[in-house]
Amino acid sequence: MSQLKILAPLDHSSRDRILLPHLKRISEATGATIHLLQVISGIKALEPQAARAAESYVDACESQLQAHGVDAHGIVRKGDPAEEIVKVADEYQVDAIIMGTRGRRGLKRAVLGSVADEVMNHCRYPVTLVNEAMAGDALDETVWTQSSYMAGTIWNQVARGLISEEQAQAELQRLEAMGLDHDVLTHTYSTLKESGAPAHWLDLEFQRDTLEQYAPDDAPQQDKPAA
């Protein structure tokens, strides 16, 4: 019997944080190969840095799944998201498509759900939607705080000229792939960048513990007790 193949479109949002663990569980249960797809659309498709950022993000998500033994492969395409999803599904002859959705109501839901609607209307493959609203409680407070703090440390390095903006974006993507929240990371970083003000934290123990987890090279070394 041929191996099950699943296509999972990513959109570089908090929905991916819900989708990736779901894909991991499916692969562990079925041995499925996971094809991760990010589509660069609109005017961003003309920007070289957008392609590099998408490739870096997909690579990070691919590595995250592979670290758990999942047969995962990243794909980056340019064009209309729904059209490219259907094209890639045909190209790889997948067995199913799994997509994340926020499940909100009103206009916001119509906009956010338009890609999923188009895929379901024009695709001959089964489509499963993973609803973010059904995937658990609100973002864990510790993850929120750690995400905000790490975004602040990255902005401080940019403001001091220690790293470039491109390096900062790559670091934000690395942290997201490690489990921190995309929306909190990007919102905090953007807010600090717009204000030009440095980020300040008073809880030194929290700072040390977070750095040891997400940036061990930058964590302060504790004094060892004398022998």
Side-chain angles (χ1 to χ4, degrees), residues 10-20 38-64 74 76 78 81 100 102 104 106-109 111-112 115 132 137-223:
L10 305 175
D11 66 357
H12 210 153
S13 75
S14 59
R15 278 173 284 189
D16 295 347
R17 181 174 57 85
I18 301 299
L19 186 60
L20 290 174
Q38 177 147 10
V39 180
I40 309 170
S41 61
I43 194 170
K44 283 191 174 182
L46 303 175
E47 302 173 359
Q49 64 269 27
R52 290 194 295 270
E55 289 169 359
S56 178
Y57 177 69
V58 170
D59 286 347
C61 293
E62 176 188 282
S63 297
Q64 182 180 349
V76 175
K78 295 180 180 180
R102 288 195 186 279
R104 292 177 175 172
L107 177 62
K108 218 167 191 182
R109 180 191 180 280
V111 173
L112 290 171
V115 173
E132 186 180 35
D137 298 328
L139 179 65
D140 179 76
E141 183 179 351
T142 300
V143 174
W144 189 96
T145 309
Q146 289 177 328
S147 300
S148 180
Y149 170 67
M150 290 305 298
T153 66
I154 294 171
W155 163 245
N156 286 348
Q157 292 181 66
V158 172
R160 294 164 57 193
L162 300 178
I163 62 174
S164 67
E165 177 65 25
E166 187 173 354
Q167 289 173 315
Q169 293 302 318
E171 185 66 4
L172 290 171
Q173 291 170 12
R174 181 187 71 83
L175 293 171
E176 182 180 347
M178 291 184 68
L180 293 185
D181 187 77
H182 166 79
D183 292 344
V184 176
L185 284 168
T186 55
H187 176 73
T188 301
Y189 181 83
S190 298
T191 300
L192 290 169
K193 184 178 179 181
E194 288 175 7
S195 69
H200 296 290
W201 291 81
L202 298 178
D203 189 337
L204 297 180
E205 184 177 355
F206 166 80
Q207 293 182 57
R208 185 190 66 244
D209 293 344
T210 301
L211 287 171
E212 287 177 349
Q213 183 174 356
Y214 294 102
D217 291 342
D218 297 330
Q221 300 297 314
Q222 298 186 56
D223 293 333

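The analysis underlying the following values was restricted to heavy atoms, covering all of them including side chains, and did not include hydrogens, waters or symmetry mates.
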*Asks:* Count the heavy atoms of every other residue, nucleotide or ligand shown that sit under 6.0 Å from CD1 of Ile43, and state whether that count exceeds 12.
*Replies:*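 It does not: Ile43 CD1 has 12 such atoms or fewer within range.
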*Asks:* Taking salt bridge (Lys or Arg N to Asp or Glu O under 4.0 Å) as the test, write out the residues that go with Glu165, two or more places apart.
*Replies:*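 Residues passing salt bridge (Lys or Arg N to Asp or Glu O under 4.0 Å) with Glu165: Lys193.
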*Asks:* Just wondering, are more than 12 heavy atoms of other shown residues or ligands nearer than 6.0 Å to CD in Gln49?
*Replies:*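 Yes, because the 6.0 Å sphere around CD of Gln49 holds more than 12 heavy atoms from other groups.
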*Asks:* Just do the side-chain contact (heavy atoms from CB on, under 4.5 Å) check on Arg52 and Glu166 with the steps written out, would you?
*Replies:* CA-CA 10 Å; Arg52 290 194 295 270; Glu166 187 173 354; 3.4 Å; yes
*Asks:* Do Gln38 side-chain atoms and Val58 backbone N/O form a donor-acceptor pair below 3.5 Å?
*Replies:*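 A pair under 3.5 Å: no.
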*Asks:* Nearest 0.5 Å, what's the CD1-CG distance between Ile163 and Asn156?
*Replies:*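 Answer for the CD1-CG pair, Ile163 versus Asn156, is 10.0 Å.
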*Asks:* Is the shortest heavy-atom distance from the side chain of Leu211 to the side chain of Arg208 under 4.5 Å?
*Replies:*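 The answer is no, as the side chains (C-beta and beyond) never meet within the 4.5 Å cut-off.
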*Asks:* Excluding sequence neighbours, so at least two apart, what forms side chain to side chain donor-acceptor pair (under 3.5 Å) with Ser190?
*Replies:*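 Ser190 satisfies side chain to side chain donor-acceptor pair (under 3.5 Å) with no other residue.
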*Asks:* First locate atom OH of Tyr149, then atom CG of Asp209, and finally report the distance between them rounded to the nearest 0.5 Å.
*Replies:*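 Here the rounded value is 10.0 Å.
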*Asks:* How far apart are the closest heavy atoms of Met178 and Tyr214, and which atoms are they?
*Replies:*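 The answer is CE-CD2, 3.8 Å.
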*Asks:* Please report the closest heavy-atom contact between Leu172 and Leu185, naming both atoms and the distance.
*Replies:*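 What the structure gives for the nearest pair is O-CD1, 3.7 Å.
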*Asks:* Regarding Gln213 and Gln146, do their side chains bring together a donor and an acceptor under 3.5 Å, going by distance alone?
*Replies:*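 Yes.
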*Asks:* Give me the atom names and distance for the closest heavy-atom approach of Ala168 to Val158.
*Replies:*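 Heavy atoms of Ala168 and Val158 come nearest at CB-CG2, 3.5 Å.
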*Asks:* Would you say Val115 and Val39 make side-chain contact, with heavy atoms under 4.5 Å?
*Replies:*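 Result no, sub-4.5 Å side-chain heavy-atom pair not found.
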*Asks:* What residues form a salt bridge (Lys or Arg N to Asp or Glu O under 4.0 Å) with Glu55, not counting sequence neighbours?
*Replies:*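 Checked Glu55 against salt bridge (Lys or Arg N to Asp or Glu O under 4.0 Å); zero matches.
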*Asks:* Distance only, no hydrogens: is a donor on one side chain within 3.5 Å (strictly under) of an acceptor on the other, for Gln169 and Tyr189?
*Replies:*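 No, because no side-chain N or O of Gln169 sits under 3.5 Å from a partner of the opposite role on Tyr189.
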*Asks:* Backbone N or O of Ala53 within a donor-acceptor pair of the Ser56 side chain at under 3.5 Å?
*Replies:*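 No, Ser56 side chain to Ala53 backbone: no donor-acceptor pair under 3.5 Å.
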*Asks:* Ignoring hydrogens and angles, tell me if any N or O in the side chain of Ser63 forms a donor-acceptor pair with the backbone of Asp59 under 3.5 Å.
*Replies:*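 Yes; judged by distance alone, with no hydrogens or angles, the pair exists.
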*Asks:* Report the C-alpha distance between Thr210 and Thr153 in whole Å, list the side-chain angles of each, state the deciding distance to 0.1 Å, and finish with yes or no for side-chain contact (heavy atoms from CB on, under 4.5 Å).
*Replies:* CA-CA 11 Å; Thr210 301; Thr153 66; over 6 Å; no
*Asks:* Which pair of non-hydrogen atoms, one from Glu62 and one from Gly74, has the smallest distance, and what is that distance?
*Replies:*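 Nearest pair, atom of Glu62 first, then Gly74: OE1-N, 2.6 Å.
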*Asks:* Would you mind reporting whether Ser147 and Thr188 have side-chain heavy atoms less than 4.5 Å apart?
*Replies:*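 No, their side chains stay 4.5 Å or more apart.
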*Asks:* Locate the shortest heavy-atom distance separating Leu20 from Cys61; write the atom from each residue and the value.
*Replies:*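 For Leu20 and Cys61, the tightest heavy-atom pair comes out as CD1-SG, 3.9 Å.
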*Asks:* At what distance, to the nearest 0.5 angstrom, does CD of Glu47 lie from NZ of Lys78?
*Replies:*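 Reported value, rounded in 0.5 Å steps: 10.0 Å.
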*Asks:* Tell me the closest heavy-atom pair linking Ala60 and Gln173, and the distance in Å.
*Replies:*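 Nearest pair, atom of Ala60 first, then Gln173: CB-O, 4.4 Å.
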